[in-house]
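Before any comments, here is the structure.
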Amino acid sequence: MSTEETPPAAAKNFIEQQIDADLAAGRADHVHTRFPPEPNGYLHIGHAKSICLNSGLARTYGGKFNLRFDDTNPAKEEQEYVDAIMDDVRWLGADWQDRLCHASDYFETYYEWAVALVKAGHAYVCDLTADEMRETRGTLTEPGTPSPHRGRSVEENLDLFARMRAGEFPDGAKTLRAKIDMASPNVNLRDPVMYRIKHVPHQRTGDAWCLYAAYDWAHGQGDVMEGITHSICTLEFENHRPLYDWYLTRLDELKLLPHPRPRQIEFARLNLTYTVMSKRKLLQLVQEKHVDGWDDPRMPTIRGLRRRGYTSEAIRAFCERIGVTKQNSTIDMLWLEDAVREHLNETAERRMAVLRPLKVTLTAFADGSELPEGVIKVCQLDNHPQHPEQGSREIELTRDLWIEADDFMEEAPKKFFRLKPGGAVRLRGAGIAKCEEVIKNAAGEVTELRCTFDPDTTALADGKKVKGTIHWVPAADCIDAEVRLYDHLFAKEDPDKAEEGKTFLDNMNPASLEIVVAKLEPELADAEPGERYQFERLGYFFADPIDSVDEAPVFNRTVTLRDAWGKEAAK
RNA sequence: AACCCCGUAGUGUAAUGGUAACACCAGGGAUUUUGAUUCCCUUAUUCCAGGUUCGAGUCCUGGCGGGGUUGCCA
C-alpha cells in the first residue's frame, strides 16, 4: 500500500456550490446543462470556456449535456455556421449524444404557450412601431408609459395574434408583448416583446413561420422543454433573469411546464489579452480581410486555434485552469500558450529545422586530420528525449550544413553560449564545431562560417566543457519548406483601448505573420498534414492540413518555446 | 443618472464567522547534448470607513472603484 495522502478535493467553483445546494435542498435531483449557440458566427475560445463548463458540469454530476441551436432569428443565421459549430464542439470533446436540439423544434409549443398567456391576460398585441416603442419605454431613470393597446380584450388579442401568424401584417407592424410593468426599474420588464413579424424563411422551418420569438421568450422555454436544470449563461443576462423567471412562473401557474423549472446562473465571460472576442469584431476582421478567414491561425476562433496547431486537450486544460467566477477579468494570453506548450512538450516528437539559414562548412577534424568526402558521421537523434520509447532517427552529418543565423554573433556578449569567432558549440547529436573563420560578402554581411569538427560530443580536446548546443541540418540532404511564424494579432494588450479617433484595427500587430522558407531535416518531408512537432529550440509546429501537399509540408508555428535567452538578450 | 452584479499578491483563483492560501508571472539557484523540460528557494495580497461578534476577506450600513442594462440582437 502506498502512503500517499489522498489529494484534496478540487476547490469547487460558485456554480458547483450552488448546484450542490440545489441537490441538497431537493430543488433538483440531477444535473442537465446545455450549450446554446446562435448559428450566426464561428465559435471562439470564449465559447470554449462555456462548452467546457457546461459539459464538464454534466460529467462531474453524472448528468446530461445538450447542444441547442438558438435559431430564433433567421435573418442572421446560416447552415454554414451550424455545421462548423457542431464540428468545433465535437472537436473540443463535448458529447451531446443524441440530444442535438434546436429552438426551432419548439416553435409550435412556444406559440401555444403564448396563446395561453394571452388568454390569461399576460400578453397583448401591440401596434407600436419600433421607434414608438423606444420612445414609450422610458429611460433608466424614468418609467415608461403604457402602450395604447395594452388594454385590448383577450378576444381581440387572440384574433390579432392568429392573424399575425397567418401573415396578414408586414414586418414590424405588430408585436406580441408580455404585460408586466412599464414602471419597473428593470427595463427588461417593461412589457418586453415576445414575438416580432419577419417574413424571412428559416433555415430549418422554411416558410412555416413569419413570426419569430425574441430571445427572452424562447430561451427559458427551450430550457424547460429539454428538462435543463441549470441554465448557465454570461453576466450580461443577469438583468434578464427576472424575466426568465417571470415567463416560467406564468407558465407554471398555467400548469404547462413539462419539466421542473430550470435555474439561470451567470458567470463572467472570458477576455484574453492581445485579442478581441466580440462576434462583431471577429466578423469585421474576416470581412475586411485583415485576416485570411475564420480559420486564420491568428484568430481566437476554435477554427483558428485548430489551424494554429492547438490541441483540444490544451484548450480544456486552459479552461479548467482559469476558473469560473462572476468577476470580470482578462486572462493573460500566456496561460493559453502555456497550456499548449505543456501538452505538446509531452506529446510532440522532436525534429530539427533552421528558420533563417546560415551556411557552415566543416573543414577538418579538430586534430587536423582530413574529413571524409561524404558522410562524416551518422547521428542518432531521439524523437523525444524524455520518452526514449518513442525511438530515434538518423541524420547524416556532412561538410556543408545550415545553422540558425541567430546562433552566431560576431561580437557576442559574455553570456552568449552559441557560436562566435574562435568559439565552440555543440551541434546537437553530432559533435563540437569550432568557428575558425568568418566569411563575409562585399557588403560586410556574414555569409559562411568555416569550422573544425570534433565528433566527441562532451568536451573540447583541452577538456573544457562546451556550454551551448545548437540545431543544424545537412545542406545536401534537407528540404525547403514554407513555415509561417505567427504572433499576437494585436500589438496592444487591450486592443479596444484605442487612441482618440482610432479603432481596434489600428492596434493590429503588423508582425503577426512572417513567412519564411526554412531548411528542414529530411525526415520532415514525410510529415503528414495535421502532425505536430517540436522544432528543437524553436517551438511547436503544425503541418498545415490545407496547404501541405505530398512531400512538401507547410508548417504553422503554434507557439514558441519559452526563451530565457531572449529575455536576457532583451535587457 | 436608476437598477443589477463584482472588488483577495503583478495576473487568475481558494478560504462558506476561527492561523489568508494555491497556480502562473517575476527574481534567485540546481540539473540538462533543446538557454526547453524538470527540481528547489524568494518577494508580495483581503478597496476605504463605520458597525455586529470573543473573533470579519466572509455578515450589516455608507462610501469609492470596475462592469452590465435604455434592440422588434442573442
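All chains are named by letter (A, B, ...) in the order of the sequence lines, taking the proteins before the strands, and each is independently numbered beginning at 1. It should be emphasised that the depicted structure is a prediction, and the values quoted were computed from it without experimental measurement. Note: hydrogens, waters and symmetry copies are ignored here, and every other heavy atom, side chains too, is used.
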Is any side-chain N or O of A/R341 closer than 4.0 Å to OP1 or OP2 of B/C24?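 Negative; the distance criterion is not met.
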Could you list all the salt bridge (charged side-chain N to carboxylate O under 4.0 Å, His left out) pairs where at least one residue sits in residues 318-333 of chain A, not counting sequence neighbours?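 Output for this query lists A/E238-A/K326, A/E266-A/K326, A/R321-A/E342.
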Its glycosidic angle compared against 90° from 0, B/G57 adopts the form anti
Stem list, RNA chain B (Watson-Crick or G-U pairing under 3.5 Å, at least 3 consecutive pairs): B:2-7 with B:64-69, B:10-13 with B:21-24, B:26-30 with B:38-42, B:47-51 with B:59-63
Quickly work out the [X] [atom1] to [N] [atom2] distance and round it to whole Å.
| X | N | atom1 | atom2 | result |
| --- | --- | --- | --- | --- |
| A/E536 | B/A36 | CD | P | 13 Å |
| A/L334 | B/C25 | CG | C1' | 8 Å |
| A/R426 | B/U34 | CZ | P | 7 Å |
| A/K49 | B/U13 | NZ | C1' | 11 Å |

What nucleotide among [options] has an atom nearest to a side-chain atom of [X]?
| X | options | value |
| --- | --- | --- |
| A/Q327 | B/G7, B/A74, B/G12 | B/G7 |
| A/S329 | B/U13, B/U70, B/U11 | B/U13 |
| A/Q534 | B/C72, B/U34, B/A74 | B/U34 |
| A/V187 | B/U70, B/C4, B/A74 | B/U70 |
| A/R137 | B/G71, B/G68, B/A14 | B/G71 |

Across the strands shown, which category fits [X] at heavy-atom distances under 4.0 angstrom: base, sugar-phosphate, nothing?
| X | result |
| --- | --- |
| A/P385 | base |
| A/K415 | base |
| A/N40 | nothing |
| A/A130 | base |

Looking only at atom [atom1], what distance separates [N] and [M], rounded to whole Å?
| N | M | atom1 | result |
| --- | --- | --- | --- |
| B/G65 | B/U31 | C1' | 47 Å |
| B/A14 | B/C24 | C1' | 15 Å |
| B/G57 | B/A20 | P | 8 Å |

Polar contact flag, side-chain donor to acceptor under 3.5 angstrom, A/E349-A/Y533: no
Distance, nearest 0.5 Å, that separates SG of A/C379 from CH2 of A/W472: 4.0 Å
For the residue pair A/I85 and A/Y42, establish whether any side-chain heavy-atom pair is separated by less than 4.5 Å. no
Close aromatic pair by centroid cut-off 6.0 Å: A/H240 and A/Y244: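 So the answer is no for these two rings.
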How about A/H343 and A/Y310: are their ring centroids closer than 6.0 Å? no
salt_bridge(A/K179, A/D191) N-O dist < 4.0 Å: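 The answer is no: the pair does not qualify as a salt bridge.
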What orientation do A/Y274 and A/H488 show, parallel under 30°, tilted 30 to 60°, or perpendicular over 60°?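 Rings of A/Y274 and A/H488: parallel, under 30°.
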May I ask you to verify whether the side chain of A/R321 and the base of B/U13 hold a donor-acceptor pair under 3.5 Å?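 No, the side chain and the base share no sub-3.5 Å donor-acceptor pair.
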Mapping A/R134 and A/H219 onto RNA chain B by nearest heavy atom, which one lands closer to the 5' end? A/R134
Along RNA chain B (nearest heavy atom to each residue), the more 5'-positioned of A/D131 and A/G429: A/G429
